[in-house]
Amino acid sequence: MRLDHLSYAAGPEGLVGTAKRIGELLGQEFEDGGVHPRFGTRNYTLPLRGGIYLEVVECLDHPASDKAPYGQAVKARSALGGGWLGWVISVDDISRIEERLGRPAQPGNRHKPDGTELLWRQIGLSDLIVDPQLPYFLQWEMPAELHPGNAGSDVTLTAVEISGDPQRVRDYVGESLRDRVDPWTGKPAENVEVRWVAEHGTPGLVAANFATPNGTVRI
């Protein structure tokens with residue numbers, strides 16, 4: 001069970017403008033990640049050290065964005081001005097999560113501009129919509145070298161700040177969350193600190209902290 005990526009919903013400036021703004025803060029450019037046909041969304045991605053990545057996502061003018069939980073979550077967050085949507089945990093065997101949550105994972109795919117198709121199964125988006133402090137889960141179904149976080153980077157995700165109840169999240173995840181979450185590659189030098197803040201505030205992913213060649217950045 002590893003921290004896989006963070007999702008940020010595009011604001012009023014749109015997907016390209018939001019990705020450009022965040023990329024300039026981090027000193028690294030996002031790339032066009034392509035379209036999620038099942039969800040009615042598209043994204044831009046930016047790899048981080050340790051096999052983690054950051055995505056900026058927006059809804060398309062497509063019926064799928066109103067039907068799929070992921071599209072609903074993105075649309076709702078963008079309607080509030082954009083910002084952090086959530087954090088995502090990857091697992092090797094999603095059947096364990098399916099059994100615990102009592103429902104099946106749903107297939108997901110993304111077509112990159114170069115024609116590459118990324119495949120996965122995911123579960124937990126409906127829970128994130130109700131309680132934004134919770135992560136959702138996915139299991140990649142493709143070679144590891146195609147993972148969006150494996151492109152190399154000079155930017156390190158050092159900490160995530162989550163408003164909410166640590167015990168609530170531990171119970172939902174089903175494992176004891178440590179202060180540091182293993183990234184996709186398992187490299188200990190790239191572990192990410194989880195900071196629990198504002199326990200009685202509005203739940204959700206509040207901020208992410210990055211170490212960049214130009215210094216520390218908090219978004």
> Hey, what do you get for CG (L134) to CD1 (I162), rounding to the nearest 0.5 Å?
Replying inline: 9.5 Å
> Do the side chain of S78 and the main chain of A10 share a donor and acceptor less than 3.5 angstrom apart?
Replying inline: yes
>> If I take atom CG from residue N150 and atom CD from residue E145, how far apart are they, to the nearest 0.5 angstrom?
In response: 8.5 Å
>> A side-chain contact here means heavy atoms from C-beta on lying under 4.5 Å apart; do T158 and E193 qualify?
In response: no
> At their closest point, which heavy atom of Y172 faces which heavy atom of G124, and how far apart are they?
Replying inline: OH-CA, 3.5 Å
> Any idea which heavy atoms bring C59 and G71 closest together, and the distance?
Replying inline: SG-O, 3.2 Å
>> According to a hydrophobic-cluster definition based on side-chain heavy atoms being under 4.5 Å apart (Ile, Leu, Val, Met, Phe, Trp, Tyr only), do I129 and I97 belong together?
In response: no
> Quick check: does any side chain N or O of E55 sit under 3.5 Å from a backbone N or O of N43, one acting as donor and the other as acceptor?
Replying inline: no
> Out of curiosity, I22 CD1 to L46 CG, how far, rounded to the nearest 0.5 Å?
Replying inline: 9.0 Å
>> Please tell me whether L25 and F210 are part of a single hydrophobic cluster in this structure, the criterion being side-chain heavy atoms less than 4.5 Å apart.
In response: yes
> Could you give the distance from CG (L205) to CD (Q133), rounded to the nearest 0.5 Å?
Replying inline: 11.5 Å
>> If you define the side chain from C-beta out and look only at heavy atoms, does anything of V192 sit under 4.5 Å from W87?
In response: no
> So, the side chain of R110 versus the backbone of G33: is there a donor-acceptor pair under 3.5 Å, distance only?
Replying inline: yes
> Taking the side chain as C-beta and beyond, is there a heavy-atom pair between R218 and E161 under 4.5 Å?
Replying inline: yes
> Quick one: does S7's side chain have a donor or acceptor within less than 3.5 Å of a partner on G86's backbone?
Replying inline: no
> side chain to side chain contact (heavy atoms under 4.5 Å, CB included) between L48 and L6: does it pass, once the steps are laid out?
Replying inline: CA-CA 11 Å; L48 304 170; L6 304 181; 5.8 Å; no
> So, are R2 and D92 salt-bridged, with charged N and O less than 4.0 Å apart?
Replying inline: yes
> So, the side chain of R121 versus the backbone of S95: is there a donor-acceptor pair under 3.5 Å, distance only?
Replying inline: no
> Is there a chain of hydrophobic side chains (I, L, V, M, F, W, Y, each step under 4.5 Å between heavy atoms) that links V88 to M142?
Replying inline: yes
>> In the structure I gave you, are the side-chain heavy atoms of V74 and F39 within less than 4.5 Å of one another anywhere?
In response: no
> L85 versus Y70: any side-chain heavy-atom pair under 4.5 Å?
Replying inline: yes
> Does CD in E29 sit with more than 12 non-hydrogen atoms of other residues, nucleotides or ligands closer than 6.0 Å?
Replying inline: no
>> To the closest 0.5 Å, what do you measure between CD (E98) and CD (Q106)?
In response: 9.0 Å
> Given Y53 and F30, is the ring pair (Phe, Tyr, Trp, His ring centres under 6.0 Å) satisfied, shown in steps?
Replying inline: CA-CA 10 Å; Y53 73 97; F30 282 77; over 10 Å; no
>> Can you confirm whether H5 sits close enough to L138 that some side-chain heavy atom of one is under 4.5 Å from a side-chain heavy atom of the other?
In response: yes
>> With a 3.5 Å distance limit and no angle check, can you tell me whether R38 reaches the backbone of N109 through a side-chain donor-acceptor pair?
In response: no
>> Checking T116 against D114: is there a side-chain donor and acceptor pair closer than 3.5 Å?
In response: yes
> About how many Å separate NE2 of H36 and CZ of R42, when rounded to the nearest 0.5 Å?
Replying inline: 11.0 Å
> Looking only at heavy atoms, which two atoms of P132 and P203 are closest? And how far apart?
Replying inline: CB-O, 3.6 Å
>> Determine whether D127 and L101 satisfy the following criterion, side chain to side chain contact (heavy atoms under 4.5 Å, CB included), listing intermediate values before the conclusion.
In response: CA-CA 10 Å; D127 298 323; L101 297 183; 4.2 Å; yes
>> For a quick test of reading the model, state the closest non-hydrogen atom pair linking A73 to L125 and the distance between them.
In response: CB-CD1, 4.4 Å
>> With a 4.5 Å cut-off on side-chain heavy atoms, are V16 and Y44 touching?
In response: yes
> Which heavy-atom pair separates I89 from V173 by the least distance, and what is that distance?
Replying inline: CD1-CG2, 4.2 Å
> Nearest heavy-atom pair of P69 and S126: which atoms, and what distance?
Replying inline: CB-N, 4.3 Å
> Any side-chain heavy-atom pair from D4 and W140 closer than 4.5 angstrom?
Replying inline: yes
>> Test of understanding: clusters of I, L, V, M, F, W, Y form through side-chain heavy atoms closer than 4.5 Å, transitively. Do V206 and V169 belong to the same one?
In response: no
> Is it true that a side-chain atom of R195 and a backbone atom of V160 form a donor plus acceptor pair closer than 3.5 Å?
Replying inline: no
